[in-house]
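Report on the following structure.
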Number of protein chains: 2
Amino acid sequence: MQSDNPTAAILVIGDEILSGRTREGNAHYLSQVLNSIGIDLREIRIVADDHDQIVAAIRALDKSLGGAWDMLFTSGGIGPTHDDVTADAVAAAFNVGIEINEEARRVMTERWQSRGVEVTGNRLRMARIPLTATLVPNAHSAAPGFHIGNTYVMAGVPAVFRAMVEAVVPDLPTGRPSVSEALEVLRPESDVADGLREVAEAFPELSMGSYPFQRGQRYGTNLVIRGLDGARVTQAMTALRERLAL
Amino acid sequence: MQSDNPTAAILVIGDEILSGRTREGNAHYLSQVLNSIGIDLREIRIVADDHDQIVAAIRALDKSLGGAWDMLFTSGGIGPTHDDVTADAVAAAFNVGIEINEEARRVMTERWQSRGVEVTGNRLRMARIPLTATLVPNAHSAAPGFHIGNTYVMAGVPAVFRAMVEAVVPDLPTGRPSVSEALEVLRPESDVADGLREVAEAFPELSMGSYPFQRGQRYGTNLVIRGLDGARVTQAMTALRERLAL
């Protein structure tokens with residue numbers, strides 16, 4: 001799909017995903033949010049709770065550090081326990097220090113005190129924020145995320161991740177959301193490949209995907225046309241239906 | 001977790017994942033299979049149906065090409081339509097040619113003829129296999145996957161992906177499967193962080209993870225201890241229960 005929309009990557013951090021214990025869902029959620037505001041998600045990486053892997057991935061993905069994409073969103077590894085190494089790794093990737101952030105401490109302490117929760121050293125560990133970063137509000141619980149360079153660092157707990165995504169979306173650059181139309185045909189993919197390719201060549205600015213499925217003994221294909229101009233997508237779908245004699 | 005198990009990465013190829021249309025499931029499935037046979041999954045990448053992105057990812061991930069991990073498994077992009085570019089990208093990554101593979105043609109033609117399906121050029125496109133690659137059998141449908149260098153190239157359709165995983169598992173090097181024990185405590189993560197860290201320091205060969213959750217107004221934490229030696233995992237869990245006075 002031709003687009004000059006801003007681009008993005010997602011970095012998911014967590015041993016529990018790689019071990020198969022947890023099925024990743026935050027990237028799937030954010031992929032839909034980004035698509036709806038016209039940011040083109042180009043890559044997702046999932047790495048372990050490992051300092052060096054996280055540093056390397058951030059540098060490879062955040063354009064402000066010479067990486068590939070305009071924006072980077074991370075999920076996971078910012079909790080209070082020893083296996084939460086994301087904040088330190090982000091500081092290292094950006095070559096800045098990390099210390100207790102007074103605004104984070106204040107926000108967290110107020111929230112905890114209102115709930116009668118004791119403020120411990122472990123809890124305050126979550127107020128350690130890389131220098132020069134700004135906070136990402138957390139409407140769901142106490143500990144904030146943060147934003148540094150073109151990277152948005154958010155929690156892995158799904159409800160907190162979503163709250164942080166909602167907080168950052170209004171500040172993101174946006175593009176034209178892509179629109180798509182889908183067509184289910186009860187023919188195997190190879191029977192529709194010629195027609196699909198011809199229509200794709202006639203509409204080079206659109207993206208055409210085909211996704212085979214099997215239902216009992218029948219083979220079928222979902223055809224998806226995606227682009228920035230809804231009228232052109234509809235034209236292409238009409239052309240595809242005609243070409244496939246549907 | 002200390003381990004000299006073989007390592008692996010998964011590369012998922014597909015615009016439909018990045019657009020949010022489809023929730024990825026093949027990597028989650030394979031992560032569990034790899035864990036069960038003692039292969040340490042270290043990284044998952046998801047990229048578009050884009051030649052250059054696929055080439056770069058394969059070279060970064062397959063040790064036989066100077067990449068990071070012992071083995072690479074790919075999912076997606078080997079169908080018959082114009083948006084299926086994986087086979088050509090794999091050939092480019094390994095710097096070999098690609099042409100119709102006679103064994104693939106024979107296997108596919110036999111299967112199609114037994115079902116009365118016409119053998120078309122589009123179908124035969126799926127027999128284009130990088131030179132020097134060996135085939136990965138497909139017990140589910142006609143088109144095979146393939147194996148080149150340390151990379152196993154498999155289909156994205158979940159049922160076909162699983163059939164190909166079953167076909168390659170017997171040939172993979174294996175290690176010691178990790179075992180884990182989990183403990184759910186109805187305390188917030190920061191209340192158990194000290195105990196967890198102390199036990200983690202006493203059992204440096206094990207991995208200890210903590211995963212917070214919320215149930216109504218109660219905060220809780222799932223504690224997971226993982227390692228190669230089940231007896232040590234049990235010892236560590238006993239120590240953790242004692243430390244947390246459970």
Side-chain angles (χ1 to χ4, degrees), chain A residues 1 12 14-25 27-29 31-35 40-49 53 79-83 117 120 122-123 125-126 141 157 159 178 180 188-194 196-197 200 207-214 219 224 226, chain B residues 1 12 14-25 27-29 31-35 40-49 53 79-83 117 120 122-123 125-126 141 157 159 178 180 188-194 196-197 200 207-214 219 224 226:
Chain A
M1 191 178 75
V12 178
D15 292 348
E16 72 278 17
I17 314 284
L18 296 173
S19 73
R21 181 175 175 276
T22 301
R23 184 176 177 185
E24 209 292 313
H28 179 57
Y29 167 75
S31 67
Q32 295 175 322
V33 172
L34 294 176
N35 187 57
D40 292 348
L41 177 62
R42 298 291 185 83
E43 184 169 351
I44 300 169
R45 289 195 194 182
I46 306 176
V47 301
D49 295 293
Q53 260 198 296
T81 57
H82 70 283
D83 58 326
V117 174
T120 64
N122 285 321
R123 292 212 165 86
R125 186 172 140 78
M126 292 189 283
S141 50
V157 178
S178 70
S180 65
E189 204 180 7
S190 42
D191 282 4
V192 297
D194 284 339
L196 189 68
R197 184 174 54 242
S207 145
M208 314 221 175
S210 74
Y211 307 104
F213 64 84
Q214 188 175 6
Y219 289 92
V224 178
R226 182 178 296 277
Chain B
M1 191 179 75
V12 177
D15 292 347
E16 72 278 16
I17 313 285
L18 296 173
S19 73
R21 182 176 174 276
T22 301
R23 183 175 178 186
E24 209 291 315
H28 179 57
Y29 167 74
S31 66
Q32 296 176 320
V33 171
L34 294 176
N35 187 58
D40 291 349
L41 177 63
R42 298 288 185 86
E43 184 170 351
I44 299 169
R45 290 195 193 182
I46 305 177
V47 301
D49 295 293
Q53 260 197 296
T81 58
H82 69 283
D83 58 326
V117 174
T120 65
N122 285 322
R123 293 213 165 87
R125 187 172 139 78
M126 293 188 284
S141 51
V157 178
S178 70
S180 65
E189 204 179 8
S190 41
D191 283 0
V192 297
D194 284 338
L196 189 67
R197 185 175 52 243
S207 145
M208 315 223 173
S210 76
Y211 307 103
F213 63 84
Q214 190 175 5
Y219 289 91
V224 179
R226 183 179 294 278

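Atoms considered below: every heavy atom in the structure, side chains included; atoms not considered: hydrogens, waters and symmetry mates.
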message: Does any part of the side chain of B:Asp191, heavy atoms only, come nearer than 4.5 Å to the side chain of A:Arg123, both counted from C-beta?
response: yes
field: Proximal component of A:Val224, with respect to chain B [non-hydrogen, under 4.5 Å]
entry: side chain
Structural part of A:Tyr29 lying under 4.5 Å from a heavy atom of chain B: neither
message: Nearest 0.5 angstrom please: A:His82 NE2 to B:Asp194 CG, how far?
response: 11.5 Å
- request: Any chance you could measure A:Asp15, atom CG, to B:Arg42, atom CZ, to the nearest 0.5 Å?
  value: 9.5 Å
query: Are any of the side-chain heavy atoms of B:Glu43 and A:Arg45 separated by less than 4.5 Å?
result: yes
field: Nearest-0.5 Å distance, CG of residue B:Leu18 to CG of residue A:Asn35
entry: 10.5 Å
- request: Check whether any side-chain heavy atom of B:Gln214 lies under 4.5 Å from a side-chain heavy atom of A:Ser141, and answer yes or no.
  value: no
field: Region of A:Ser180 that comes under 4.5 Å of a non-hydrogen atom in chain B
entry: neither
- request: Of all the heavy-atom pairs spanning A:Pro80 and B:Glu189, show the shortest one and how long it is.
  value: CD-OE1, 3.0 Å
- line: Note: vs chain A, highest number of non-hydrogen pairs under 4.5 angstrom among B:Met126, B:Gln32, B:Arg21, B:Met208 is B:Arg21
task: Working to the nearest 0.5 Å, report the span between CZ of A:Arg23 and OG of B:Ser31.
output: 10.0 Å
message: Is B:Tyr219 in contact with chain A via its backbone, its side chain, both, or neither, using a 4.5 Å heavy-atom distance?
response: side chain
field: Atom group of A:Val47 that falls short of 4.5 Å from chain B, counting heavy atoms
entry: both
message: For chain B, which candidate among A:Asp83, A:Leu34, A:Asn122, A:Val117 shows the most heavy-atom pairs at distances under 4.5 Å?
response: A:Asn122
task: Return the option, out of B:Gly14, B:Ser190, B:Pro212, B:Ala27, with the maximum number of heavy-atom pairs under 4.5 Å with chain A.
output: B:Ser190
message: Going by the rule side chain to side chain donor-acceptor pair (under 3.5 Å), which residues pair with A:Arg226 if we only count those two or more places apart in sequence or in a different chain?
response: A:Ser178, B:Ser19
